[in-house]
Amino acid sequence: MRREQPGTSYERIYAAVRRVPRGRVATYGQIARVAGLPGHARQVGYALHALRPSTTVPWQRIVNAAGAVSLRRGGGGGALSQRLLLEREGVAFDARGRIPLARFAWRPRR
DNA sequence: CCACTGACGAGTG
DNA sequence: GCACTCGCCAGTG
C-alpha cells in the first residue's frame, strides 16, 4: 500500500511541517496553505496519519484550529505522546487540554 | 460509479 | 462557546 507517497502533494505537506520551529505549533489549515494547498486541511491530516513511526517529520507540532490535539485515538498513546512531546519542547497546555495559540502559534513569513 | 470514513476548517444560528 | 452543515481530497468496500 505505499500510502506514504501517493504523489507530490504529500511531500509539500511534509516540507511545510518541517518548517515549524521547535517550541511552536501550526494548524492543519496553516500547513495546507504554506504547502500551496489552501483549503486542503483534511489532506494534511491524512498525510500526517500516513507517516511512519520513525519519521523525521515533526508531526507533533500540528494541531487543529482550536489549538487542541486532534488524534482520533483520544486516550490512546498518540494524543498523549503528542502532548508530552510538545510540553517537552516548551509548549504549554491549558486546563482544557488546549494550547494558547496566541502565544505558541507559528507565524510563517509570507 | 456510489457511499462512507477520516490527524480539518469556516460559516451560521 | 456549542451544534450543525458544507466543502476538500484520498482510500476502501
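Only heavy atoms go into these numbers, but all of them, side chains included; no hydrogens, no water, no symmetry mates. Letters A, B, ... are given to chains in the order of the sequence lines, protein chains preceding strands, and every chain is numbered from 1.
- For residues 86-96 of chain A, the pairs satisfying salt bridge (charged side-chain N to carboxylate O under 4.0 Å, His left out) are A:Arg61-A:Glu89, A:Arg83-A:Glu87, A:Asp94-A:Arg96, A:Asp94-A:Arg98, with sequence neighbours left out.
- Proximity of residues 56-65 of chain A to DNA chain B (heavy atom under 4.0 angstrom from any strand atom) is restricted to A:Trp59, A:Asn64, A:Ala65.
- We find that CD of A:Gln43 is positioned 5 Å from P of C:dA10, with the value rounded to whole Å.
- Between the CD1 atom of A:Ile13 and the C1' atom of C:dC8 there is a distance of 12 Å, rounded to whole Å.
- Atoms CG (A:Leu101) and C1' (B:dG9) sit 13 Å apart, rounded to a whole Å.
- Ring-plane geometry between A:Tyr14 and A:Tyr10 is classed as perpendicular, the angle between the planes exceeding 60 degrees on a 0 to 90 degree scale with a lower cut at 30.
- Under a cut-off of 6.0 angstrom, the local environment of CZ in A:Arg103 is sparse, with at most 12 non-hydrogen atoms contributed by other residues, nucleotides or ligands.
- A:Leu71 CG to A:Leu80 CG: the interatomic distance, rounded to the nearest 0.5 Å, is 10.5 Å.
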Protein-nucleic acid N or O pairs under 3.5 Å, nucleotides 2-7 of chain C:
residue, atom, partner, partner atom, Å
C:dG7, O6, A:Arg42, NH1, 3.4

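- Atom CZ of residue A:Arg22 and atom CG of residue A:Leu85 lie 10.5 Å apart, to the nearest 0.5 angstrom.
- Interatomic distance, CD of A:Gln30 versus CZ of A:Arg19, reported as 11.5 Å (0.5 Å rounding).
- Between A:Leu71 atom CG and B:dG6 atom P the separation is 14 Å, expressed in whole Å.
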### Residues A:Trp106, A:Thr27; criterion side-chain contact (heavy atoms from CB on, under 4.5 Å); working and verdict
CA-CA 9 Å; A:Trp106 172 50; A:Thr27 65; over 6 Å; no
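- Dashed line: the shortest gap from a side-chain N or O of A:His40 to OP1 or OP2 of C:dC9 is under 4.0 Å.
- Here the P atom of nucleotide B:dG9 and the OH atom of A:Tyr46 are 17 Å apart, to the nearest Å.
- Atom CD of residue A:Gln43 and atom CG of residue A:Leu48 lie 11.0 Å apart, to the nearest 0.5 angstrom.
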